[in-house]
Colleague: 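Got a structure here, written out as structure tokens. Questions coming.
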Amino acid sequence: MTPTPPPEILRAPLVVEFPFTRSLGPVQSAFLTGLRERTVLGVRTEGGRVLVPPVEYDPETAAELRELVEVAATGTVTTWAWNPEPRSGQPLDTPFAWALVRLDGADTALLHALDAPGPDAVRTGMRVRVRWAAERAGAITDIACFEPYGGDAEGGEPAPHSGEFDDPVTGIVAPARLDYTYSPGRAQTRYLQALSERRTVGERCPSCAKVYVPPRGACPTCGIATTDRVEVGPRGTVTTFCIVNIKAKNLDIEVPYVYAHIALDGAGLALHGRIGGIPYDQVRMGLRVEPVWSGDGRYPDHYRPTGEPDADYDTYKELL
Amino acid sequence: MSKEPVAIVGVGQTKHVAARRDVSLAGLVREAAARALADAELTWADVDAVVIGKAPDFFEGVMMPELYLADALGAVGKPMLRVHTAGSVGGSTALVAANLVAARVHRTVLTLAFEKQSESNAMWGLSLPVPFQQPLLAGAGGFFAPHVRAYMRRTGAPDTIGSLVAYKDRRNALKNPWAHLHEHDITLEKVQASPMLWDPIRYSETCPSSDGACAMVLTDRAGADRAPRPAAWVHGGAMRSEPTLFAGKDFVSPRAGRDCAADVYRQAGITDPRRQIDAVEMYVPFSWYEPMWLENLGFAAEGEGWKLTEAGVTELDGDLPVNPSGGVLSTNPIGASGMIRFAEAALQVRGEAGAHQVDGARRALGHAYGGGAQFFSMWLVGAEPPAG
Ligand SMILES: [Zn+2]
């Protein structure tokens, strides 16, 4: 083929997000329900230390921990870092300090936001207190943030607590979101560019001579780069298939339909596509098909029979 | 210097169910680990290292959960390793633990695998939309069903074989108190009447989605001498991988699976697996994979696997019982499923499998695979210590 100038490599945003659920178990359930009731709970270890936030198992002895205690809503900053540019989803939308706060009665520190006018107003050892959120639902965000506090440590031992509340929170939703910039790379970009001209162009491995469609830029068997571009198809053979009878979410295809592996003529392995233009129960292994392009689609919408005689099993059995 | 013999002296599982809303991830793994320690009559202090496995982090959305699970598994101050090889991970996790004992790096290792599928949606996690790529057209079963059709074409297997496997595994599960699915009213007719989802795969021929964990305590010869109950001994173990897609890949009988089995048999001195192995726990997420793996693992000649299933050889009272526990078809906490296969093989040769015990099992194979037939892991365990 005549060399073509390399196309601009494609890039696009890719957002991955999901509302994960969390079953809390007894200790986290008590802790988060407590926050809803403006009560901060810790757990006492076998060695007598009070951990806030509480954990289910002793970090030193591995013992199961269930002895809950209530600690104060006031405490001392043990260390901190200034956050000049809060991001979406963080506790405050104005600059704040991330602080580790050892609440009075606790032996360990809790990470949260500290609302302060600037880094000059924050120091290790400063006294702070919880600022409760107006609306509380049983989540760490029920503590809106910490704020500076002039008072002394409230004395006394942490008080035993049953951890029992009416209507306990037993699960939470933890939404997660990742923002990427995705690039399919050189080989896929050239493949997609050819598809936009309704041609299917794979790449041949210089070692084993197999033609990869779609190309990945390297042969996974030989581990070397593929550069030799080879047009395949447009016709091909159905090597195997299934009949899909259940509607997949976010797919606008009427069931039943046939999902097939199609070895385009000249390709070293099959790609996947839908078969149309024939009743679903008449599709068979060896059926000869050709792509049907939709108006502005980047891919063939589906493949339809060419009318040729079926391919002999021996001609495609190595591609199964 | 020869390898240290590796013994399995403790096995623990959770009761596998669709959703364990009463426990956190920590509470779930703790249950299995505590049961494995109790079986071995050991305490957390007796464990030298922890090797943990699970499938992709996307399945629960906790990144690197092993960090947060160290407390629950008594791993603070000890080495803790995470293994990840997709659906085969439970098997490869056990093999990493076994290798640590065999190499005399540690004397007693706790190994554990888990999945809490109810916290997310595995189908979502496996089919993230990628820009410029055509969306996946068919779902999980749609990935496997064309390979099943290829197997049927290649071997001439009658289309009833898949339902025989599902009927057998679901009946076996009724004898296993830890299994997820307990379908007391199961009949072959019900399996065969269930909806065809991805023709040729029926609903009843697919695995469930489970929350569960499985743990084992592995130890050296001295540890086995102190164990209160019979040990299972590792006679061979291997892992193999190959790309998910490549020109020339045999999806029906992947080469990585054949090579992995051959390696395990060589280590264990197995020359005739069909005669020398008494029970098999293989990773069968869709029922047709039983005859496919029977061939891939060398229990039947190419094209003959389905005949063993059809003749009842793989039934609990057959002469090569496959998945006496009920298998993945009855219980599928993805990351744990491979370890459950390995652990159930160990229970069989220890004589500790309860109502699904295979009479007189002396050698058993545990098998796992994952990632679209990309990763394979297997071990062969015996009732006697390995020779030499
Ligand atoms: Zn090559």
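In what follows, chains carry the letters A, B, and so on, assigned in the order in which the sequence lines appear, proteins first and then strands, with residues in each chain numbered from 1.
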Colleague: Where does B:Pro243 contact chain A at under 4.5 Å (heavy atoms): side chain, backbone, both or neither?
Modeller: side chain
Colleague: Please flag which part of A:Leu24 lies under 4.5 Å from any non-hydrogen atom of chain B: side chain, backbone, both or neither.
Modeller: backbone
Colleague: Heavy-atom distances under 4.5 Å only: say whether B:Thr43 touches chain A with side chain, backbone, both or neither.
Modeller: neither
Colleague: Using non-hydrogen atoms and a 4.5 Å limit, figure out which bit of A:Glu64 sits close to chain B: side chain, backbone, both or neither.
Modeller: both
Colleague: What part of A:Arg22 is in contact with chain B, defined as an atom under 4.5 angstrom from a non-hydrogen atom: side chain, backbone, both or neither?
Modeller: both
Colleague: Heavy-atom distance under 4.5 Å to chain B: side chain of A:Pro300, backbone, both or neither?
Modeller: backbone
Colleague: For chain A, find which of B:Val76, B:Leu197, B:Val148 contributes the most heavy-atom pairs closer than 4.5 angstrom.
Modeller: B:Leu197
Colleague: Heavy-atom pairs under 4.5 Å with chain B - which of A:Pro184, A:Ala176, A:Ala174 has more of them than the others?
Modeller: A:Pro184
Colleague: By a 4.5 Å heavy-atom criterion (distance strictly below it), what part of B:Glu242 contacts chain A: side chain, backbone, both, or neither?
Modeller: neither
Colleague: Any salt bridge between B:Asp199 and B:Arg149, counting N to O under 4.0 Å?
Modeller: yes
Colleague: Just so I understand: if I count every heavy-atom pair under 4.5 Å between each of B:Ser118, B:Gly74, B:Ala145, B:Gly61 and chain A, which residue has the most?
Modeller: B:Gly61
Colleague: Could you tell me which portion of B:Ile201 (side chain, backbone, both or neither) has an atom closer than 4.5 angstrom to a non-hydrogen atom of chain A?
Modeller: neither
Colleague: For B:Ser210 and B:His180, test the side chains for any donor-to-acceptor distance below 3.5 angstrom and give the result as yes or no.
Modeller: yes
Colleague: Search all heavy atoms of B:Trp44 against all heavy atoms of B:Lys78 and return the closest pair with its distance.
Modeller: O-NZ, 2.6 Å
Colleague: Considering only heavy atoms and a distance below 4.5 Å, find which of B:Val130, B:Leu28, B:Asp250 pairs most often with chain A.
Modeller: B:Val130
Colleague: Quick check on B:Lys116 against chain A: is it the side chain, the backbone, both or neither that has a heavy atom closer than 4.5 Å?
Modeller: side chain
Colleague: Using non-hydrogen atoms and a 4.5 Å limit, figure out which bit of A:Ala12 sits close to chain B: side chain, backbone, both or neither.
Modeller: both
Colleague: Need one label for A:Ile172: side chain, backbone, both or neither, based on atoms under 4.5 Å from any heavy atom in chain B.
Modeller: neither
Colleague: So, the side chain of B:Thr14 versus the backbone of B:Ala213: is there a donor-acceptor pair under 3.5 Å, distance only?
Modeller: yes
Colleague: Give, as side chain, backbone, both or neither, the part of A:Ala267 having an atom under 4.5 angstrom from any heavy atom of chain B.
Modeller: neither
Colleague: Between A:Arg11, A:Glu318, A:Gln28, which residue shows the highest count of heavy-atom pairs closer than 4.5 Å to chain B?
Modeller: A:Arg11
Colleague: If we only count heavy atoms from C-beta on, is the B:Val217 to B:Val47 side-chain gap below 4.5 Å?
Modeller: no
Colleague: Side chain, backbone, both or neither: which part of A:Arg216 has a heavy atom under 4.5 Å from chain B?
Modeller: side chain
Colleague: Where do A:Leu10 and A:Ser183 come nearest, in terms of heavy atoms and distance?
Modeller: O-OG, 2.9 Å
Colleague: Inspect the contact between B:Glu295 and B:Arg154 and indicate whether a charged nitrogen and a carboxylate oxygen are less than 4.0 angstrom apart.
Modeller: no
Colleague: Heavy-atom cut-off 4.5 Å, strictly under: side chain, backbone, both or neither for A:Pro13 against chain B?
Modeller: backbone
Colleague: Does a salt bridge link B:Arg30 with A:Glu56, judged by any charged N lying under 4.0 Å from a carboxylate O?
Modeller: no
Colleague: Hey, which of A:Gln188, A:Glu17, A:Lys317 has the most heavy atom pairs under 4.5 Å with chain B?
Modeller: A:Glu17
Colleague: Applying the ring pair (Phe, Tyr, Trp, His ring centres under 6.0 Å) criterion to B:Phe144, which one of B:Tyr289, B:Phe251, B:Trp198 satisfies it?
Modeller: B:Tyr289
Colleague: Side chain, backbone, both or neither: which part of B:Val252 has a non-hydrogen atom closer than 4.5 Å to chain A?
Modeller: neither
Colleague: At a 4.5 Å cut-off on heavy atoms, which part of B:Arg20 comes close to chain A: side chain, backbone, both, or neither?
Modeller: backbone
Colleague: Side chain from CB out, backbone as N, CA, C, O: work out which of these in B:Val62 comes under 4.5 Å of a heavy atom of chain A, or both, or neither.
Modeller: both
Colleague: Are the side chain of A:Thr240 and the backbone N or O of B:Pro146 linked by a donor-acceptor pair below 3.5 Å?
Modeller: yes
